[in-house]
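Please read the structure below before turning to the comments.
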Amino acid sequence: MNIQTIIKMLTNAGIEEREAKKEVKMLLEHFCNYSEKDEILGHPITEEHIRIIKAKVESRLADRTPVQYIIGESYFMGEFFKVTPDVLIPRPETEILVTKAIEIIKENGLKNILDIGTGSGCIACTIANKTEAVVLGVDISSDALRIALDNVTRLGINNRAVFRKSDLFSKIREEEKFDMIISNPPYIPIGTELEPELKHEPQIALFAEENGLQLYRKIVSEAPNYLNKDGWLIFELGIGESEAVKAFMNEYFDSVNIIKDLNGIDRVIYGRLIG
Ligand code: GLN
């Protein structure tokens, strides 16, 4: 048995080869302390390594647990974040959202940011880590907030990203104003058939009513009450939802712009509060 056989176990189960290779690499690094550097230096993968990885791949395939939950970590914008099934695994698409937000924050010297549905806190922590802004992350799930707090501690940015249990704006006071509201809300239409890995993720973080649009509608209509003058609203978008969300935003926001992801899908939308 060698590493190719392990990759084959994954591809035979329907996992794409590129993903399978990535997962094996992640497992080797996490459980065997065997990194890309070891590979380059020609260090051998031992039988013991193979035995360990095989056991992990077997449990991965037994119930299609995402590899990030087995490892307990996920990479996002240069850092490893703690993840458990209480929080969504950060997606590469969300890096487009956070990269744009950071650009706007820096260009305009924004100070106070609100992250709605913060989950693992990966958005809030990355913004706090890479800008001068202070971020409040809110979530309806206390279990998610516990993970977000662990991530803040890991990054050592305890006073710059803070968290509060709140169902959208329910625990935000009207006198608390923000320069930007950011959100990657649940946006998958209820009833959509998904790959089995997603069954392990918190369903509350994935699915939304009104064809996936419910949280956009609610956040857009309340956001103006909590934004400073000329404040920004920025969202990640679900597939095919840009027109509808743009229509919601046009009512209160100016110069609404959309950014596409690498697959040409409208992925991020942002705009500025009409003064
Ligand atoms: N981007 C996730 C997916 O496509 C969904 C996350 C969300 O609903 N915000 O699986």
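Keep in mind that the numbers below use all heavy atoms, side chains included, and drop hydrogens, waters and symmetry copies. All ligand and atom numbering here is 1-based and tracks the order in the structure. FYI, the numbering just counts along the sequence from 1.
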May I have every N or O pair linking ligand 1 to the protein at under 3.5 Å, one per line with atom names and distance?
residue: ligand 1; atom: 1 (N); partner: Y187; partner atom: OH; Å: 2.7
residue: ligand 1; atom: 8 (O); partner: Y187; partner atom: N; Å: 3.1
residue: ligand 1; atom: 8 (O); partner: L206; partner atom: O; Å: 3.3
residue: ligand 1; atom: 9 (N); partner: N184; partner atom: OD1; Å: 2.7
residue: ligand 1; atom: 9 (N); partner: P185; partner atom: O; Å: 2.7
residue: ligand 1; atom: 10 (O); partner: R91; partner atom: NH2; Å: 2.9

Applying salt bridge (charged side-chain N to carboxylate O under 4.0 Å, His left out), can you list everything that pairs with E174, at least two apart in sequence or on another chain? none

For E210, salt bridge (charged side-chain N to carboxylate O under 4.0 Å, His left out) partners two or more places apart: R217

Scan side-chain atoms only and decide if Y187 and E236 contain a donor-acceptor pair under the 3.5 Å cut-off. yes

Review item, side-chain donor-acceptor pairs of residues 118-125, under 3.5 Å, at least two apart:
residue: T118; atom: OG1; partner: D115; partner atom: OD2; Å: 2.7
residue: S120; atom: OG; partner: C122; partner atom: N; Å: 3.3

Is it true that K260 and D266 have a side-chain N and a carboxylate O under 4.0 angstrom from each other? yes

Hey, is the main chain of P196 close enough, under 3.5 Å, to the side chain of R64 for a donor-acceptor pair? no

